[in-house]
Amino acid sequence: QVQPVESGGGLVQAGGSLRLACAASGRTFSTYVVGWFRQAPGKEREFVATMTWSGGSTDYADSVKGRFTISRDNAKNTVYLQMNSLKPEDTGVYYCAARILPVVSRTPATYNYWGQGTQVTVSS
């Protein structure tokens with residue numbers, strides 16, 4: 001089975017940028033859908049972005065559309081989340097997840113493997 005491992009979180013001022021990375025451990029991400037989710041304190045985990053490994057299909061939450069970009073590097077077996085124009089409401093723990101069924105989904109429960117998460121804090 002694949003094990004996602006996130007990195008790249010940190011503290012940034014509003015308007016700044018961060019790039020998160022999700023590397024596959026155990027086996028490759030090939031054929032998996034990979035998604036990013038986030039969870040703020042006291043809130044439920046919410047969908048951020050997702051893509052098929054081929055890159056042929058992507059989806060974004062309305063709240064991040066135009067500011068965040070999901071991409072992948074096949075050679076490095078890594079998926080990225082470029083986050084620009086960050087806002088305080090983007091603060092939370094960001095999780096990477098892999099889904100066996102090769103169709104993009106916004107529903108956390110449909111993803112099979114999860115990383116430990118990386119903290120993103122945006123100060124105002």
Side-chain angles (χ1 to χ4, degrees):
Q1 66 184 38
V2 67
Q3 178 60 51
V5 180
E6 306 95 338
S7 62
L11 173 65
V12 64
Q13 288 188 332
S17 298
L18 278 176
R19 188 177 77 159
L20 305 183
C22 176
S25 176
R27 59 170 295 175
T28 70
F29 274 141
S30 60
T31 77
Y32 288 87
V33 164
V34 178
W36 286 97
F37 297 82
R38 66 188 181 190
Q39 189 165 18
K43 295 188 177 181
E44 292 188 352
R45 193 168 298 188
E46 66 172 359
F47 165 73
V48 175
T50 186
M51 71 182 300
T52 54
W53 188 243
S54 68
S57 181
T58 59
D59 190 20
Y60 294 90
D62 289 345
S63 60
V64 307
K65 203 170 291 184
R67 299 188 299 123
F68 291 11
T69 303
I70 189 171
S71 63
R72 87 280 186 221
D73 183 326
N74 292 344
K76 295 183 178 180
N77 202 23
T78 299
V79 174
Y80 300 98
L81 185 69
Q82 178 66 44
M83 306 186 295
N84 298 329
S85 302
L86 282 161
K87 304 176 181 180
E89 51 263 44
D90 293 318
T91 293
V93 178
Y94 281 68
Y95 297 91
C96 176
R99 168 178 157 99
I100 296 173
L101 192 63
V103 178
V104 293
S105 169
R106 297 186 171 199
T107 306
T110 66
Y111 285 73
N112 305 94
Y113 307 107
W114 288 83
Q116 299 279 5
T118 185
Q119 176 71 45
V120 171
T121 303
V122 184
S123 63
S124 57

Contacts satisfying salt bridge (Lys or Arg N to Asp or Glu O under 4.0 Å) that involve residues 22-42 (not counting sequence neighbours) are Arg38-Glu46, Arg38-Asp90
Going by the salt bridge (Lys or Arg N to Asp or Glu O under 4.0 Å) test, which pairs reach into residues 97-111, not counting sequence neighbours?
Asp59-Arg106
Reported [atom1]-to-[atom2] distance for the pair [X] and [Y], which is rounded to 0.5 angstrom:
X	Y	atom1	atom2	result
Met83	Tyr94	CE	OH	5.0 Å
Trp36	Leu20	CH2	CG	4.5 Å
Tyr60	Leu81	OH	CG	7.5 Å
Arg45	Thr107	CZ	OG1	13.5 Å
Cys96	Ile70	SG	CD1	7.5 Å

Is a donor on one side and an acceptor on the other found under 3.5 Å between the side chain of [X] and the backbone of [Y]?
X	Y	value
Asn84	Ser17	no
Arg19	Gln82	no
Glu6	Gln116	yes

A side-chain contact here means heavy atoms from C-beta on lying under 4.5 Å apart; do Thr91 and Val120 qualify?
no
Quick one: are Val34 and Pro4 in side-chain contact, heavy atoms under 4.5 Å?
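They are not in side-chain contact.
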Check for me, please, whether Leu18 and Val79 land in the same ILVMFWY cluster - side-chain distances under 4.5 Å, paths through other members count.
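Yes: a chain of side-chain contacts under 4.5 Å links Leu18 to Val79.
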Hydrophobic clustering (ILVMFWY, side-chain heavy atoms < 4.5 Å, transitive) - are Phe68 and Val104 grouped together?
no
Strictly under 6.0 Å, is that where the ring centroids of Trp53 and Phe29 end up?
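Aromatic pair counts; centres sit under 6.0 Å.
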Could you tell me if the ring centre of Trp114 sits under 6.0 Å from that of Phe37?
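Ring centres of Phe37 and Trp114 closer than 6.0 Å.
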Report yes or no: do Tyr111 and Thr50 form a side-chain donor-acceptor pair below 3.5 Å?
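There is such a pair (donor and acceptor under 3.5 Å, judged by atom type) between the side chains of Tyr111 and Thr50.
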Would you please say whether a donor-acceptor pair under 3.5 Å links the side chains of Thr110 and Ser105?
yes
Please lay out, stage by stage, how Val2 and Tyr32 fare under the test side-chain contact (heavy atoms from CB on, under 4.5 Å).
CA-CA 9 Å; Val2 67; Tyr32 288 87; 3.7 Å; yes
Of all heavy-atom pairs between Val5 and Ser25, which one has the smallest distance, and what is that distance?
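That would be CG2-CB, 4.1 Å.
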Just grab all the side-chain hydrogen bond (donor to acceptor under 3.5 Å, both in side chains) pairs involving residues 70-79, residues at least two apart or on different chains.
none
